[in-house]
Amino acid sequence: MNQDDIAYSLPLLKQAEHVVVFTGAGVSAESGIPTFRDALTGLWAKHDPMDLATPEAFARDPDLVWSWYEWRRWQIHRTQPNRAHNAIAQLESRVPRLTLITQNVDDLHERAGSSNVIHLHGDLQSPRCSVCAAPHRFDAELWLENPQENRSISPPRCLRCNNPVRPGVVWFGESLPERAFQQAFDAAGDCDLVLSIGTSGVVQPAALIPDIALKNGASVVHINPQPVLSHPRESSIQGPAAEILPILLRDAFG
Ligand code: APR
């Protein structure tokens with residue numbers, strides 16, 4: 001980590017009127033949440049993401065797809081928010097306005113205390129009917145079957161139309177949820193600083209968020225162990241988010 005890079009970001013953060021925090025898998029990495037591909041181990045090792053994360057896969061084998069997402073939800077349930085999630089939640093009360101946009105389908109930002117989290121790629125806690133889209137509520141603490149040991153858990157049925165419930169995530173080939181998309185892109189066009197944290201910035205259209213902000217005159221600070229390319233108003237603090245964010249907050253706001 002380079003202290004100069006943190007020092008460069010401090011005035012941007014202190015002066016910002018509207019901060020967009022844009023997060024990806026890296027922010028949850030230190031909570032031990034495996035990325036989609038990393039989770040394809042053990043019983044799931046022989047599967048390709050295309051077997052599990054497309055509308056066609058769900059139509060072909062709803063039990064397999066539902067079981068996979070229950071397995072992921074179960075893994076996430078056993079983890080805790082880390083210092084990066086906590087720092088982001090604290091930042092909300094330190095700046096005049098903050099919009100939190102995540103590509104993650106976990107609920108660790110909410111569990112850390114962030115409010116109004118925009119889930120661009122949906123989330124595992126919000127399943128809905130695969131036909132009529134009615135939201136389905138499940139008791140987050142109650143697993144009727146152990147997803148670790150079972151690859152054929154049937155999806156519940158919609159209480160309204162009796163069709164299978166599907167995970168509330170965005171699958172390959174699907175559009176982003178309209179409201180989340182609109183809120184995220186409006187915020188990107190309106191903010192003066194984007195903190196882009198733990199995202200490779202390659203998955204579209206989410207990856208456009210920093211570009212839109214730059215086009216509208218905002219600055220972008222990347223927080224990532226990997227180097228990230230640079231526009232003149234783009235800078236990078238290299239290192240793990242759980243280490244850097246608490247320092248950034250302390251140095252900016254005491
Ligand atoms: N702190 C900060 N960043 C980290 C850390 C960490 N401790 N560990 C890893 N990273 C960075 C990696 O260097 C990488 O740039 O997090 C980024 C993770 O990149 P991806 O795995 O591509 O995740 P993400 O950007 O969220 O992907 C977007 O792609 O897989 C789909 O739908 C899925 O929402 C996901 C989307």
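Indexing begins at 1, ligand by ligand and atom by atom, following the structure's order.
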Peer 1: Under the 6.0 Å and 45° cation-pi test, does Arg78 pair with Trp74?
Peer 2: yes
Peer 1: Which heavy atom of the protein is the closest neighbour of atom 1 (N) of ligand 1, given with residue, atom name and distance?
Peer 2: Ala241 N, 2.9 Å
Peer 1: Is Arg72 positioned over the aromatic face of Trp44, cation under 6.0 angstrom from the ring centre and no more than 45 degrees off axis?
Peer 2: no
Peer 1: Tell me: protein heavy atom nearest atom 22 (O) of ligand 1, and distance?
Peer 2: Ser200 OG, 2.5 Å
Peer 1: With the threshold set at 4.0 Å, does a side-chain nitrogen-carboxylate oxygen contact exist between Arg97 and Asp190?
Peer 2: yes
Peer 1: Considering both backbone and side-chain atoms of Gln226, is one of its nitrogen or oxygen atoms within less than 3.5 Å of a nitrogen or oxygen in ligand 1?
Peer 2: no
Peer 1: Does Glu178 CD have over 12 foreign heavy atoms under 6.0 Å away?
Peer 2: no
Peer 1: If the threshold is 4.0 Å, N to carboxylate O, is there a salt bridge linking Glu243 and Arg250?
Peer 2: no
Peer 1: From atom 23 (O) of ligand 1, work out which of Gly198, Ala25, Ser28, Pro225 has a heavy atom at the shortest distance.
Peer 2: Ala25
Peer 1: How far is atom 31 (C) of ligand 1 from its nearest protein heavy atom, and which residue and atom name does that atom have?
Peer 2: Val203 CG2, 4.3 Å
Peer 1: From atom 12 (C) of ligand 1, work out which of Leu245, Thr102, Asn224 has a heavy atom at the shortest distance.
Peer 2: Asn224
Peer 1: Using a 4.0 Å cut-off to any heavy atom of Glu30, which atoms of ligand 1 qualify?
Peer 2: 1 (N), 6 (C), 7 (N)
Peer 1: Please name the pair of heavy atoms, one in Arg94 and one in Phe253, separated by the smallest distance, quoted to 0.1 Å.
Peer 2: NH1-CB, 3.6 Å
Peer 1: Within the 4.0 Å heavy-atom shell around Pro240, which atoms of ligand 1 are there?
Peer 2: 1 (N), 6 (C), 7 (N)
Peer 1: Among all the protein's non-hydrogen atoms, which is closest to atom 9 (C) of ligand 1, and how far away is it?
Peer 2: Gly26 CA, 3.9 Å
Peer 1: Is it the side chain (CB and beyond), the backbone, both or neither of Thr199 that lies under 4.0 Å from ligand 1, heavy atoms counted?
Peer 2: both
Peer 1: Check whether Glu234 reaches the backbone of His231 with its side chain - one donor and one acceptor, N or O, closer than 3.5 Å.
Peer 2: yes
Peer 1: Please list, in number order, the atoms of ligand 1 under 4.0 Å from a heavy atom of Gly24.
Peer 2: 26 (O)
Peer 1: For atom 30 (O) of ligand 1, what is the closest protein heavy atom, and at what distance to 0.1 Å?
Peer 2: Phe36 CB, 4.8 Å
Peer 1: Counting heavy atoms only, which part of His121 comes closer than 4.0 Å to ligand 1: side chain, backbone, both or neither?
Peer 2: side chain
Peer 1: Please report the interatomic distance OG(Ser28) to CG(Asn104), rounded to the nearest 0.5 Å.
Peer 2: 4.5 Å
Peer 1: Any side-chain to backbone donor/acceptor pair from Thr199 onto Thr23? Under 3.5 Å, distance only.
Peer 2: no
Peer 1: If you count the atoms of ligand 1 from 1 in the order shown, which ones are under 4.0 Å from a heavy atom of Gln103?
Peer 2: 28 (C), 34 (O)
